Amino acid sequence: MTTKQIRDTFGDIADGEVTTQRHSLAGRVMLLRRQGKVAFAELRDQHGAIQLFARSNDLERFDAFGDLNLGDWIGARGFVGKTKKGELSLFIDSFVLLARAQRSFGDKWHGISDVDTRYRQRYVDLWANPETRVALTRRFRMVSKMRRYLEDLNFIEVETPLLHPIAGGALAKPFITHHNSLDMELYLRIAPELYLKRLIVGGFDKVFEIGRVFRNEGISPRHNPEFTMLELYEAYADYQDMMTLTENLVAYLVFDAFGTTKISYQDREIDFTTPWRRATLEDLTSESLGYEISLETPIEKLKEIADGLGIVGDSKWGSGKYLLEIYERTTESSLWDPVFVMDFPREVSPLSRDHRSKADRVERFEAIVAGRELANAFSELNDPIEQRRRFAHQVELAQGGDDEAMNMDEDYIRALEYGLPPTGGLGIGIDRLAMLLCDASQIREVIAFPALRKETL
RNA sequence: GCCCUCCUGGCGCAAUGGUUAGCGCAACGGACUUUUAAUCCGGCGGUUCUGGGUUCGAGUCCCAGGGGGGGCACCA
């Protein structure tokens, strides 16, 4: 049995009562109190902890029991009961040492607080600091629920390559590796996007992938070089459908974790109740600047505003890039409750479809929560000629020194030439979402083994 | 990449530039038949991250290096 099963089954027996039911448990000794001819221990397993009660009369190897180290793994057998003080316990008559703990698990009251130890030796942290287990458990449950939710909507979970001959699907610096027998450079994927859309071309209507992506960038409280993304694609859908899906999915996950859609994050309330606010990037930026700004604002004026904000521009930047930079600098971090920021400039969205009614914009949104991007989605560009044009522009940027610009992907264009149906696509940062659900200020709190510098032992 | 800051027994902490670097927990030895961070007694455990420097004297001040953390920039 587990400690939780014991608790659930025998939680309400009377104080001092010992049942005739013999059960066995396995776990780790986290606390040991010897008291002459009796001893108490706290046995912890994955689901909780329960007290072991040993008497020298009942337990043959009583002295050996008292000699256990904190951290030792044992199996114990005995009768379930409650002590006089009302503590549910296993009154043991036998135990077996399963594995010795030769190292200490830290201060039994203060746990481990050294952050370096916490992240480097997560196995210690998980025992010493129960909050760590709570956070990771919540994250793993969230991912599981997300899978089930999407499967219930008839999405199929798929797998696509992590090793890409061309790093595409996002604007980011890739990690480079090398395949020996093919003697070719390969890139750890920065996004699964282009492969997933190839599957749509191949006839899968609704696909998703939850997987790791790798970006060769700095490490920060909000960035780990490898992180987990959900990407999904739905044929015959557009970015409006993706908004509905996003808010419903996220609200569902929040409700599953908290029983409500209003949660506290870093001492501030976030209301995930649907529908979420929808507003254009231009309106939101105008709102926070206090005056009108748009893609039609003369570029000289945009440059002037950007200058005033300390944004260092580039001769290759058009109005769209300036507008995006101004938005990110002035607006994004101030958006708290969930909001769909809609209709991005085409210039900064090389894979998005042109807006059905607005010139120079695309049908793309980012969902912002607590000042951070949670999701990015668009109506997918399915015109191979336009896609080639957009890639060509990216290649120009790359040649101009932009190491995050995209490369020409001829096979992807070839796929589009076979016909990509109108498709809506969505990407959600799993780690970021987990941070919200775990009230974590640091991405490392929701990653079991976050990236660190190499340790010299 | 830039700025600020931290590093003391296994763990958590302490020590106006001044003897032999203290304390709690853990570990070790002992007492105790219903404890809840049990309690009590005993002994043990540290080249204060590394290397230089200032000083009569450095855990403490200065410089360099290593490893953390926070913030900025970039990104998700």
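Below, chains carry the letters A, B, ... as their sequence lines are ordered, and counting in each starts from 1. This one's a predicted model, so the numbers in the text were calculated from it and none came from an experiment.
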Q: Show every ring pair (Phe, Tyr, Trp, His ring centres under 6.0 Å) that has at least one partner inside residues 70-89 of chain A, sequence neighbours left out.
A: Trp73(A)-Trp127(A)
Q: What nucleotide among A37(B), U33(B), U34(B) has an atom nearest to a side-chain atom of Trp109(A)?
A: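 Closest nucleotide among those given: A37(B).
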Q: Taking any heavy-atom pair under 4.0 Å as a contact, classify Arg118(A): base, sugar-phosphate, or nothing.
A: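 Since no nucleic acid heavy atom lies under 4.0 Å of Arg118(A), the category is nothing.
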Q: Quiz question: by atom type and distance under 3.5 Å, do the side chains of Asp241(A) and Thr244(A) form a donor-acceptor pair?
A: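 On atom types as modelled, these side chains do not qualify, holding no pair under 3.5 Å.
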Q: Which part of the nucleic acid does Asn376(A) contact within heavy-atom distance under 4.0 Å: base, sugar-phosphate only, or nothing?
A: nothing
Q: What nitrogen or oxygen pairs link the protein and nucleotides 42-50 of chain B at under 3.5 Å?
A:
none

Q: Where the side chain of Arg120(A) is defined as all heavy atoms beyond and including C-beta, which of G67(B), A38(B), C28(B) is the nearest nucleotide?
A: G67(B)
Q: Please figure out whether Leu32(A) or Phe40(A) has its closest RNA chain B nucleotide nearer the 5' end.
A: Phe40(A)
Q: Under the 3.5 angstrom rule, does the side chain of Tyr265(A) hit a backbone N or O of Ala440(A) as a donor-acceptor pair?
A: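 It does hold such a pair.
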Q: Kindly indicate, with the supporting measurements, whether the criterion ring-ring contact (aromatic ring centres under 6.0 Å, His included) is fulfilled by Phe365(A) and Phe340(A).
A: CA-CA 6 Å; Phe365(A) 72 81; Phe340(A) 290 117; 4.9 Å; yes
Q: Give Glu42(A) one of three labels, base, sugar-phosphate or nothing, depending on what nucleic acid heavy atoms sit under 4.0 Å from its own.
A: nothing
Q: Apply the side-chain hydrogen bond (donor to acceptor under 3.5 Å, both in side chains) test between Tyr412(A) and each candidate in Lys197(A), Gln387(A), Arg198(A); give the one that qualifies.
A: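 The side-chain hydrogen bond (donor to acceptor under 3.5 Å, both in side chains) with Tyr412(A) is passed solely by Lys197(A) among Lys197(A), Gln387(A), Arg198(A).
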Q: Does C61(B) have a Watson-Crick or wobble mate here (both distances under 3.5 Å), and if so which one?
A: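 When the pairing criteria are applied, G53(B) turns out to be the nucleotide that pairs with C61(B).
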Q: Would you indicate which nucleotide in A76(B), U34(B), A38(B) comes nearest to any side-chain atom of Lys84(A)?
A: U34(B)
Q: For nucleotides 7-13 of chain B, read 5' to 3', which letter fits each nucleotide if B means a protein heavy atom sits under 4.0 Å from the base, S means only the sugar-phosphate is that close, and - means neither?
A: ----BSS
Q: Looking only at non-hydrogen atoms, find the nearest pair between Thr228(A) and Asp431(A) and report the distance.
A: N-OD1, 2.8 Å
Q: Does C2(B) pair with anything, Watson-Crick or G-U wobble, both distances under 3.5 Å, and if so, with which nucleotide?
A: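 WC or wobble partner is G71(B).
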Q: When His164(A) is tested against each of Tyr187(A), Phe175(A), Tyr195(A) for ring pair (Phe, Tyr, Trp, His ring centres under 6.0 Å), which residue passes?
A: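 That would be Tyr195(A).
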Q: Within the structure shown, what part of the strands sits under 4.0 Å from Arg34(A) by heavy-atom distance: base, sugar-phosphate, or nothing?
A: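 The answer is base, as Arg34(A) lies within the cut-off (heavy atoms under 4.0 Å) of a base atom.
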Q: Tell me what Leu374(A) touches on the nucleic acid: a base, only sugar-phosphate, or nothing, going by heavy atoms under 4.0 Å.
A: nothing
Q: For G24(B), what is the paired nucleotide under Watson-Crick or G-U wobble rules, both distances under 3.5 Å?
A: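 Because both required distances fall under 3.5 Å, G24(B) counts as paired with C11(B).
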Q: Please determine, for the side chain of Arg329(A), which listed nucleotide (U36(B), A73(B), U34(B)) has the closest atom?
A: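 Between U36(B), A73(B), U34(B), the one nearest the side chain of Arg329(A) would be A73(B).
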Q: Students often get this wrong, so: under 4.0 angstrom with heavy atoms, is Glu373(A) touching a base, only sugar-phosphate, or nothing?
A: sugar-phosphate
Q: Could you tell me which nucleotide pairs with C40(B) by Watson-Crick or G-U wobble geometry, both distances under 3.5 Å, or answer none if nothing does?
A: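 Per the H-bond distance test, G30(B).
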Q: Yes or no on ring-ring contact (aromatic ring centres under 6.0 Å, His included) for Phe378(A) and His355(A), after CA distance, side-chain angles and deciding distance?
A: CA-CA 10 Å; Phe378(A) 30 92; His355(A) 196 282; over 10 Å; no
Q: Below 4.5 Å, heavy atoms only, C-beta onward: do Leu323(A) and Leu281(A) meet side chain to side chain?
A: yes
